[in-house]
Amino acid sequence: MRQEEIWDAEAARRYDTPGSGMFAPDVLGPTVDRLAALADDGRALEFAVGTGRVAVPLAERGVPVSGIELSVPMVERLRTKVDAATIPVVVGDMATATVPGEFSLVYLVYNTVANLLTQAEQVACFRNAARHLRPGGRFVIELWVPELRQLPPGRQATVWHTEDGYIGLDTYDVLRQRVVSHHVRFGSGREAQIFRTPHRYVWPSELDLMGELAGFTLESRHADWTGAEFTGESRSHVSVYRLPG
């Protein structure tokens, strides 16, 4: 399925989980704090702005925010929160769509760069970020570290989260560097709901090379938005790339 088919009206309706998950204050707060500091009193552009999980509170902090989003239903959900004057959005592919003006910060959070399913598209995404930035501007990516060490010979899947009524598991195609995330929700009955999303996983070193191809240098890398040290055991990273000033 294409990404615009996956992120349909039903997915947009169920996306927001106020106060929990990715919307929990301890997750969202440090994200917005860090991005507000990196914006450096300039304009920010969010690739894959979605329903405005990050863009809305960032705009409330006084940072002018624009967005690019492929899914019309996700934008419609965003419009129930803020109008187009507050957060303008261009509907299109974050690897190619353009937004008027110049920005000090472009950001792409919560693993979304992996929604681009080829290396060429991911490289194009970096170049599109560079196209929108002023000299010295920053491109920030939040991304998980592939958990291939969890795959012994012959196994193709990992369970990455379980709780009452929910199982999250990933199935890997290591030849094509692909992973499909399966989100299974169930109650006390026999039936369950399954939501699947395909991704192309990217190692930090490969991400750095993509940045170099687009003219960026790596400014910093941490394990999370609070600035924790990135180590060999880190399960995710926040990487800040910068253009020459």
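Bear in mind the structure is a predicted one, so any value in this text is a computation, not a measurement.
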Ionic contact status for [Y] with [X], cut-off 4.0 Å:
X      : Y      : value
Glu219 : Arg138 : yes
Glu206 : Arg200 : yes
Glu10  : Arg13  : yes
Arg178 : Asp170 : no

Group every Ile, Leu, Val, Met, Phe, Trp and Tyr by side-chain heavy-atom contacts under 4.5 Å, then state whether [X] and [Y] land in the same group.
X      : Y      : answer
Val72  : Val49  : yes
Ile68  : Leu133 : yes
Leu213 : Val113 : yes
Leu243 : Phe47  : yes
Leu169 : Val179 : no

Donor-acceptor under 3.5 Å ([X] side chain, [Y] main chain):
X      : Y      : answer
Lys81  : Thr51  : yes
Asp224 : Gly227 : yes
Gln177 : Tyr201 : yes
Thr158 : Trp160 : no
Thr31  : Val27  : yes
Glu142 : Asn111 : no
Gln122 : Leu116 : yes
Arg242 : Gly137 : no
Arg79  : Val82  : yes

Residue pair Ala192 / Val184: nearest heavy atoms and the distance that separates them: CB-CG1, 4.1 Å
Answer yes or no: is there a side-chain heavy-atom contact under 4.5 Å between [X] and [Y]?
X      : Y      : result
Leu38  : Val240 : yes
Val140 : Ser239 : no
Trp144 : His199 : yes
Phe126 : Leu207 : yes
Glu46  : Ser66  : no
Thr197 : Asn115 : no
Met94  : Glu121 : no
Leu108 : Cys125 : yes

With a 3.5 Å cut-off and no angle check, do the side chains of [X] and [Y] form a donor-acceptor pair?
X      : Y      : result
Asp40  : Ser104 : no
His132 : Thr98  : no
Thr86  : Asp83  : yes
Arg221 : Tyr241 : yes
Ser181 : His183 : no

Should Leu78 and Val56 be marked as a side-chain contact (heavy atoms from CB on, under 4.5 Å) after you check the CA-CA gap, both sets of side-chain angles, and the distance that decides it? CA-CA 9 Å; Leu78 169 62; Val56 171; 3.8 Å; yes
Determine the sole option in Leu209, Leu143, Leu148 for which the side-chain contact (heavy atoms from CB on, under 4.5 Å) test with Trp203 is passed. Leu148
Pick from Val90, Val106, Val89: which one makes a side-chain contact (heavy atoms from CB on, under 4.5 Å) with Val99? Val90
Check whether more than 12 heavy atoms from other residues, nucleotides or ligands sit under 6.0 Å from atom [atom1] of [X], and answer yes or no.
X      : atom1 : result
Arg43  : CZ    : yes
Gln156 : CD    : no
Glu229 : CD    : no
Arg134 : CZ    : yes

Within this structure, what is the [atom1]-[atom2] distance for the pair [X] and [Y], rounded to the nearest 0.5 Å?
X      : Y      : atom1 : atom2 : result
Met210 : Phe139 : CE    : CZ    : 10.5 Å
Asp8   : Arg14  : CG    : CZ    : 10.5 Å
Glu69  : Thr112 : CD    : OG1   : 9.0 Å
Trp225 : His237 : CH2   : NE2   : 11.0 Å
Thr162 : Ile167 : OG1   : CD1   : 7.0 Å

Would you check, one step at a time, whether the test side-chain contact (heavy atoms from CB on, under 4.5 Å) holds for His161 with Tyr166? CA-CA 8 Å; His161 188 75; Tyr166 176 81; 3.7 Å; yes
Please confirm whether Arg53 makes a cation-pi placement over Tyr110, using NZ or CZ under 6.0 Å from the six-membered ring centre and within 45° of the ring normal. yes
Given the rule in the side-chain contact (heavy atoms from CB on, under 4.5 Å) test, do Tyr107 and Val109 qualify, once you have shown the distances and angles that lead to the verdict? CA-CA 6 Å; Tyr107 63 94; Val109 298; 3.8 Å; yes
Parallel, tilted or perpendicular: which describes the rings of Phe195 and Trp7, with under 30° parallel and over 60° perpendicular? perpendicular
Evaluate Val54 against Leu35 for side-chain contact (heavy atoms from CB on, under 4.5 Å), listing each step before the verdict. CA-CA 9 Å; Val54 175; Leu35 290 172; 3.6 Å; yes
